[in-house]
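Contents: one structure, followed by commentary.
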Amino acid sequence: MINQEIAHILNNISEYLAMEDIEFKPRAYEKAAVNIEALNESVFDIYKSGGIKALEEIPAVGYGIAKKIEEYIKTGKIKEYEQLKKKTPVDLEKLTSVHGIGPKSILRFYKELGVKNIEDLEKAAKDKKIRQLEGFGFKSEENILMALKFFKNSSSRFPLGYVLYDLRNIEQRIKKLSGVKNTLLSGSVRRMKEDVGDADMLVAVSSKKDAKKIMDYFIHMSEVAHIYNKGETKSSVKLKNYINFDIRVVDENSFGAASQYFTGSKDHNIELRKIAIKKGLKLNEYGIFQIKNQKSKIKNSAKAEEEIYNKLGLKWIEPELRENKGEIQAALRQAQGKPDGLPKLIGYNDLRGDLQMHSKWSDGMNTIEEMANEALKTGKEYILITDHFRPIFSNKLNSQTVVKQWQEIDKLNSKFKIQNSKFRILKGCEVDIMDNGELYLEDEILKKFDVVCASIHSNFKMQKGKMTERIIKAMKNPNVDIICHPTGRLIGARPAYKLDIEKIVQTAKETGTILEINAYFNRLDLKDDYIRMAKNAGVKLAISSDAHSISHFQYLELGIAQARRGWAEKKDIINAWPIDKMLKTLK
DNA sequence: GCCGTTTTCGGCCCGACTGTTTTCAGTCG
């Protein structure tokens, strides 16, 4: 939690400095906050291990911010921040999350109207006070009231799987409009980030007239709840599912450059532009330009993204990697023919099987046969049935009745054989790891499954050391092949349990236990950084749907995306392998 | 405040849209 607290304070300091029109510092604090929030280790532990020097190892953290972190660890406060708060005592976090309101406006509202929080802001707007301020008017006031209406009933980020399919539906309709040359869902959606704050779509056209037609269509779609702004090339709306959706219409000759630009991430793009500057080039959403002098620019707009990367001396980079986490350096090494280039990411069609799903035997909606047929339809070669045994999930399945489930599976497998199909159903279970690390089923039974998955479904709030030991004990059991959703987090709903993830990864390596990438849209557990950590440690992973119905198989795509964001290759993912090789790898 | 294949000092990514202005500041991504 201390990382979040410090990131929060640094973000607020950034806003306070921006209020005062101070240059560059706000961005410095903001960058530090982002990096601290993304750390896997607590700053407290980092400080304990190496003091100020160790803190300065964090990217974007220098001596100044390291000193402030030290001050927070020692005293629980940062003096400079306390002074800033005292000087302008406003609820920064909430006020800045109102669309269209930034630090400059907040400062003026505070100074001139005494606005300290959302309630004050709403009152000021309703009392027609905003329009009296110089530089503001009736429209600004109306926009604030509208933004507040949405602010109240929307959460800021959504799991990707919650919005992805709606967005694709809209994209497909726009693709079919006349005059549309190309479309692309860009931004964090294209990077397949596990959660998205807003969505971006790019449309290529060849005439202004077509651009206008598309804009008209976009803002009048039935999904639109509110229009933030509309222009000739750029518009922004809120959809009824509460996500903000931006559209950008560009000339088809700039589509490549625009795809690159709008895919981001912001930090990835900033790095690229720095490289461009060093090469005497200028990169923006319209292309990559030669700068001969300040006034004469030779347009050299890029049709394909690849051109841009190549002109910068880099290999093209997969969207899922574009987070400025070393991919640019890797792309440079690869372009120069050096080792340690970009990973050859697992592909979206590379999964041969699925290693976690539930049937009507426990809490699933479909029969084993229905699950098998659906998997077969989507091109899989094998599935593993992993029903629960504990009575809270199922009162049908126990160590006696499981024999019947196995008979059912045998029968189905014979049927596939007769049909000359190589498809195979494997016998498995998702067994609970109890508080003391023992498993819910006895080893005598566990031995008989083809594959045993183990996971935690109870007592999430154990201490870090105890929770780590609990899982490690399960991994040491020679019958346990896979640990499912290893951290237990639910995106936007429940944090991961306290866990020494490095120890878990290390033990997985030592015991030959597979770690799962659970593909269910609000789990995606392991997350990208942990996947990369596991891969680097030589731990093998499985991407599993955890399907409770045939419609859930579609989420495998999200699991693959997460694996790609963790730099995983085919050789890291056991269910991308043929069944025999996969089974041989298991304990 | 951070950072270094040009640097320990002097840079710091870039453009669209809005609302209020008659040329621009603020916000967003």
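Sequence lines set the chain letters: A, B, ... in the order given, protein chains first and strands last, and positions in each chain run from 1.
Within the 4.0 angstrom heavy-atom criterion, only backbone atoms of the sugar-phosphate kind lie near V98(A); the bases stay farther away. Residue contacts for N143(A): at a heavy-atom cut-off of 4.0 Å it reaches the sugar-phosphate backbone alone, with no base atom in range. Residue R27(A) is out of contact with every strand shown, counting any heavy-atom pair closer than 4.0 Å. Across all strands, F262(A) comes closer than 4.0 Å to no nucleic acid atom at all (heavy-atom distances). At the heavy-atom level, E285(A) lies under 4.0 Å from the strands shown only through sugar-phosphate atoms. Here L272(A) lies out of heavy-atom contact (under 4.0 Å) with every strand. Note on S105(A): only backbone sugar-phosphate atoms sit closer than 4.0 angstrom, heavy atoms only; bases stay farther off. Residue Y228(A) is classed as having no contact, given no heavy-atom separation below 4.0 Å to the nucleic acid. Using a 4.0 Å heavy-atom cutoff across all strands shown, K68(A) reaches sugar-phosphate atoms only and no base atom. Across all strands, K104(A) comes closer than 4.0 Å only to sugar-phosphate atoms, never to a base (heavy-atom distances). As judged by a 4.0 angstrom heavy-atom cut-off over every strand, K278(A) is placed among the base-contacting residues. The residue T233(A) sits close only to the backbone: its heavy atoms come under 4.0 Å of sugar-phosphate atoms, none of a base. Residue contacts shown for E134(A) are absent, as no nucleic acid heavy atom lies under 4.0 Å away.
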*Evaluate the side chain to side chain contact (heavy atoms under 4.5 Å, CB included) criterion for residues M19(A) and Y110(A): first the C-alpha distance (whole Å), next the side-chain angles of each, then the deciding distance (0.1 Å), finally the verdict.*
CA-CA 11 Å; M19(A) 275 182 190; Y110(A) 171 68; over 6 Å; no
_Derivation and outcome, salt bridge (charged side-chain N to carboxylate O under 4.0 Å, His left out), residues R248(A) and E285(A)_ = CA-CA 11 Å; R248(A) 189 72 181 244; E285(A) 61 260 57; 3.0 Å; yes
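Nucleotides dC2(B) and dT8(B) place their C1' atoms 12 Å apart, quoted to the nearest Å. The C1' atoms of dC9(B) and dA16(B) are separated by 34 Å, rounded to the nearest whole Å. When the P atom is used for both dG15(B) and dT21(B), the distance is 27 Å, rounded to whole Å. Annotation: dT20(B) and dG26(B) have their P atoms spaced 15 Å apart (nearest Å). Atom P of dT5(B) sits at a distance of 23 Å from the matching atom of dG1(B), rounded to the whole Å. Taking atom C1' in both dT18(B) and dT23(B), one finds a spacing of 15 Å when rounded to whole Å. Comparing dC12(B) with dC17(B), their C1' atoms sit 25 Å apart, to the nearest whole Å.
In this structure, CD1 of I247(A) is placed 16 Å from P of dG29(B), rounded to the nearest angstrom. Atoms NZ (K274(A)) and P (dT6(B)) sit 14 Å apart, rounded to a whole Å. Rounded to whole angstrom, the span from the NZ atom of K139(A) across to the P atom of dA25(B) amounts to 23 Å. Protein atom CG of N229(A) is 9 Å distant from nucleotide atom C1' of dA16(B), rounded to whole Å. Between E142(A) atom CD and dT18(B) atom C1' the separation is 13 Å, expressed in whole Å. Distance CD (E15(A)) to C1' (dC28(B)): 12 Å, rounded to an integer number of Å. Atom CD1 of I275(A) and atom C1' of dT5(B) are 12 Å apart (whole Å). Per the geometry, CG belonging to L17(A) stands 14 Å off C1' belonging to dC2(B), to the nearest Å.
Residue whose closest nucleotide on DNA chain B sits further toward the 5' end, between F138(A) and E232(A): E232(A). Taking for each of D200(A) and G137(A) the nucleotide of DNA chain B with the nearest heavy atom, the 5'-most of the two is the partner of G137(A).
The six-membered or imidazole ring of F245(A) lies near that of F218(A), with a centre-to-centre distance under 6.0 Å. For F136(A) and F109(A), the ring centers sit closer than 6.0 Å to each other.
OP1 or OP2 of dG15(B) has at least one side-chain nitrogen or oxygen of K282(A) nearer than 4.0 Å.
E171(A) and T183(A) share a donor-acceptor pair across their side chains, judged by distance under 3.5 Å alone. Neither side chain, K240(A) nor S222(A), offers a donor N or O lying under 3.5 Å from an acceptor on the other.
In this structure, of dC28(B), dT20(B), dG1(B), it is dT20(B) that holds the atom nearest to the side chain of S140(A). The side chain of K234(A) approaches dC28(B) more closely than any other nucleotide in the set dG1(B), dC28(B), dC14(B). With distances taken from any side-chain atom of N284(A) to the nucleotides dC2(B), dC12(B), dG15(B), the minimum falls on dG15(B). Out of dG29(B), dG1(B), dC14(B), the shortest distance to the side chain of H99(A) is found at dG29(B). Closest contact between the side chain of P103(A) and the listed nucleotides dA16(B), dT27(B), dG1(B) involves dT27(B).
A donor-acceptor pair under 3.5 Å is formed between the side chain of R565(A) and the backbone N or O of R191(A). S105(A) places no side-chain N or O within 3.5 Å of a backbone atom of I101(A) that could act as its donor or acceptor partner.
A donor-acceptor contact under 3.5 Å is not formed by the side chain of Y261(A) with the base of dG15(B).
The base-pairing partner of dT8(B), taking Watson-Crick or G-U wobble contacts with both distances under 3.5 Å, does not exist among the strands shown.
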